[in-house]
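None of these values were measured; they are calculated from a predicted model. Whatever order the structure lists ligands and atoms in, that order sets their numbers, starting from 1. Heavy atoms only: backbone and side chains are in, while hydrogens, waters and symmetry mates are out.
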Amino acid sequence: MSISVEPVSGTVGATVGDVDLSAPLDEGTVADIREAFLEYHVLFFRDQDLSPEAQLRFGRCFGELDTHPFVEGTEAHPEVIEIITEPDDVLNFGGGWHTDVTFLEEPDLGSILYAVDVPAFGGDTLFANQHAAYDALSDTMRGILDGLTARHSAGPQYAKGGYSTLSKSMKTKSSEHAARVVRHPLVRTHPETGRKALYVNRAFTIGIEGMRMDESMALLEFLFEHAVREPFTCRFRWSPGSVAMWDNRSVQHYALYDYRGHRRRMRRITVKGDRPH
Ligand code: SIN
């Protein structure tokens, strides 16, 4: 391997060193990063100096890039969204456990986030391994979940008055389309590793097919809590120039908001994914 890879917790996340993401990468290095990505689900790179163009070039090594349906991209690059919290913001973007854009028929494969301005304290991001969460369930519970289909919608976040639209510093657009419902298997099989993962999240999963609302909410509430139990998680402390790249097919994440009165500015791009099976 041309890169160094150091795990950061027992089940998820690794720090990758000996690579400069601002320069074009050769095929061998991209293959090494991809291998580490599939093993650790979230990769962290420190002390990078990434222009938006370099970040886009890095992202394209892993597939076609996506635009966000409800967050405006930058003028120069529609695929780049800026995640900004100003000192007087009451809410932050991504401030709750979620998997990116599961309300799409083909949710993004992964996201690549670059830290531009970081508060003096706080603003860490948590990640939770959804393979580990699935594997930790009893055989009986896994048997019940395996055949189920969950309903997802952007409504709670991006319909008028939705949580994400309330974030003052983000360029979000609410839309009637936000209420659209899409269906995904509640347990998805990773298309590259064949491993099963829980595939529900508190931000976008709104019910389970064939169950009454009270039944599905009771089961989902258990799963939302179980999926993010400490043993499945890691926590990343940002510094300017840090990059995190996560696999939306196998992790949830949570941007903590514990730095009120300070500014945080990040740049995110996403790589297109396929239909979950
Ligand atoms: C997100 O993509 O949900 C935001 C993550 C972060 O700002 O740490």
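- When all heavy atoms of Thr29 and Asp26 are compared, the pair lying nearest together is N-OD1, 2.8 Å.
- Closest approach of His226 and Ala136 over heavy atoms only: CE1-CB, 4.1 Å.
- For ligand 1, the atoms sitting less than 4.0 Å from at least one non-hydrogen atom of His253 are 1 (C), 2 (O), 3 (O), numbered in the order shown with element in parentheses.
- Side-chain rings of Phe222 and Phe224 stay apart, their centers remaining 6.0 Å or farther from each other.
- Heavy-atom contacts of Ala255 reach the following atoms of ligand 1: 5 (C), 6 (C), 7 (O), 8 (O) (cutoff under 4.0 Å).
- Residues Tyr199 and Pro276 come closest through the heavy atom pair CE2-CG, 3.9 Å.
- At least one side-chain heavy atom of Leu25 sits under 4.5 Å from a side-chain heavy atom of Val19.
- Heavy-atom proximity to Trp246, at under 4.0 Å, picks out these atoms of ligand 1: 2 (O).
- Heavy atoms of Asn92 found under 4.0 angstrom from ligand 1: none, in either backbone or side chain.
- Close approach of ligand 1 to Arg268 is summarised as follows: ligand atoms under 4.0 Å from at least one heavy atom of the residue are 1 (C), 2 (O), 3 (O).
- A centroid separation of 6.0 Å or more is found between the aromatic rings of His152 and Phe103.
- Residues His253 and Trp97 place their aromatic rings such that the two centres sit no closer than 6.0 Å.
- In this structure, Phe236 falls outside the shell of residues with a heavy atom less than 4.0 angstrom from ligand 1.
- For ligand 1, the atoms lying closer than 4.0 Å to a non-hydrogen atom of Thr125 are 6 (C), 8 (O).
- Annotation for ligand 1: atoms under 4.0 Å from non-hydrogen atoms of Gly94 are 3 (O).
- Within the listing of ligand 1, atoms 6 (C), 7 (O), 8 (O) sit less than 4.0 angstrom from a heavy atom of Arg264.
- Shortest contact from atom 4 (C) of ligand 1 to any protein heavy atom: Ile83 CD1, 3.8 Å.
- For the pair Arg34 and Phe62, the cation-pi criterion (under 6.0 Å, within 45° of the ring axis) is not fulfilled.
- Of all atoms in ligand 1, numbered sequentially from 1 with element shown, those under 4.0 Å from a heavy atom of His98 are 3 (O).
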